[in-house]
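So the structure is just underneath, and the comments pick up after that.
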Amino acid sequence: MTSPNTGPARAAELAGRLERVRNRIRAAAPAGSAPTLIVVTKYFPAGDVELLAGLGVTDVGENKDQEAAAKAAECARLGLSWHFVGQLQSNKAKSVVRYARAVHSVDRASLVGALAKAMAGEQQRLAAAGLPPRQDLECFLQVDLRSPAALSGESEIAAPSGPARGGVPPAGLAALAEAAAAAPGLRLAGLMAVAPLGGDPLEAFGRLRLLSERLRESYPAAAGISAGMSGDLEAALACGATHLRIGSDILGPRPPVR
Ligand SMILES: *Cc1c(COP(=O)(O)O)cnc(C)c1O
C-alpha cells in the first residue's frame, strides 16, 4: 500500500510546485541577489522532506520542536540545514540546538539566554562524544510589524494591523540585538518578520528593511532579512529579503491547524 504522500505522483507534484516557486523567486529577486529558499515542511512527513532533498532543496523549516526533532533525526543522512521558525519556549532550547542551524523567532532576552546555555551544553556533549563542535547558532530577531498605533495600544480595533503574529516591537530591538550579539555560541544573523494580516506586505516589509539598515549600523554582519511566505514572497524580495520561508505553495494546503 502506498500512502498519498509517497511515490511518483507525490514526487511529481512537489517537483511542479517547487519549480513554480523557484520561477517566482527568479522573476522577483533583484539582480545579483541570491535569496535562500527555506521550505517549511511543518505538518508534512519526512518522506516529503526526502523527496524535496532529491529536488535540490537544502534548507527546511519547522515550527514545533517535537515534530522537527523527529523529522531531523529521520532525515539526518540528507545533510539538510534545519531552520526553526515558530514560537519557541525556553525549555525547548536544548532540543532545538541539537538539529537547528538557525532560529528565526528569537523574540526575548530570556530566550537568548536559554539558547546560549543550550549551545554551551551541546558543545560539551559533542566534545564528550569525540565529535567536532557545531557552528554557532544563527539567530534572527523576530520583529512585530503591526502598525505603530496597534503596538502602542492606541488603536483598539486595529483591523488592518490584525492580531499579534509574534515578535518584539521595534522599540525593543536594540536591547535584544545587544543581548544576542553578546551571547556566546550565538551569531546575530539579522531580522525576521511575518507580514501583519490584512495589511499591505510591501509597506510592512519596507519598515523591516529600514529596521535592518539601522541594525547593520551597529552589527554589519547581521545582514539577514527572513521575510516572505507563499503569499507575499514578491513583496519580501522587493524589500531585500535574504531568506524566504515557503510552505503551502510547495507542499500544498496544510491540514487544518490542530
Ligand atoms: C508556516 C510558516 C511559514 C510558511 O507559510 P506559507 O504561507 O505556508 O508559505 C513561514 N513562516 C512561518 C513563521 C510559518 O509558521
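In listed order, ligands and their atoms are each counted from 1. All values below come from the heavy atoms of this structure, side chains included, with hydrogens, waters and symmetry mates left out.
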How far is [atom] from the closest protein heavy atom, and which atom is that?
atom	result
atom 9 (O) of ligand 1	Ser230 OG, 2.5 Å
atom 1 (C) of ligand 1	Lys42 NZ, 1.5 Å
atom 13 (C) of ligand 1	Val85 O, 3.3 Å
atom 11 (N) of ligand 1	Arg245 NE, 2.9 Å

What side chain to side chain donor-acceptor pair (under 3.5 Å) pairs are there with at least one residue in residues 20-31, not counting sequence neighbours?
->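 Those involving residues 20-31 are Glu19-Arg26, Asn23-Arg26, Arg24-Glu234, Arg24-Asp249.
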
Contact between [X] and [Y] at the side-chain level, heavy atoms closer than 4.5 Å - yes or no?
X	Y	value
Trp82	Val49	yes
Leu191	Leu173	yes
Ile250	Leu37	yes
Thr242	Thr36	no
Arg245	Val194	yes

Between His104 and ligand 1, find which residue part has any heavy-atom pair under 4.0 Å and reply side chain, backbone, both or neither.
->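 Answer for His104: neither.
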
Return a yes/no value for Gly247: is any of its N or O atoms, backbone included, closer than 3.5 angstrom to an N or O of ligand 1?
->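 Yes: some nitrogen or oxygen of Gly247 is under 3.5 Å from one in ligand 1.
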
Return yes or no for this condition: an N or O of Ser248 is under 3.5 Å from an N or O of ligand 1.
->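 Yes, at least one N or O pair falls under 3.5 Å.
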
Please confirm whether Ile246 comes under 4.0 Å of ligand 1, counting heavy atoms of the residue only.
->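 Per 4.0 Å heavy-atom rule, Ile246 contacts ligand 1.
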
Compute the centroid of each ring, for Phe140 and then for His83, and state whether the two points are separated by less than 6.0 Å.
->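 Distance test on ring centres: not under 6.0 Å, no.
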
Please could you name the atoms of ligand 1 that Met229 approaches to less than 4.0 Å, counting only its heavy atoms?
->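 Reading through ligand 1 atom by atom, the close ones are 3 (C), 5 (O), 7 (O), 9 (O), 10 (C), 11 (N).
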
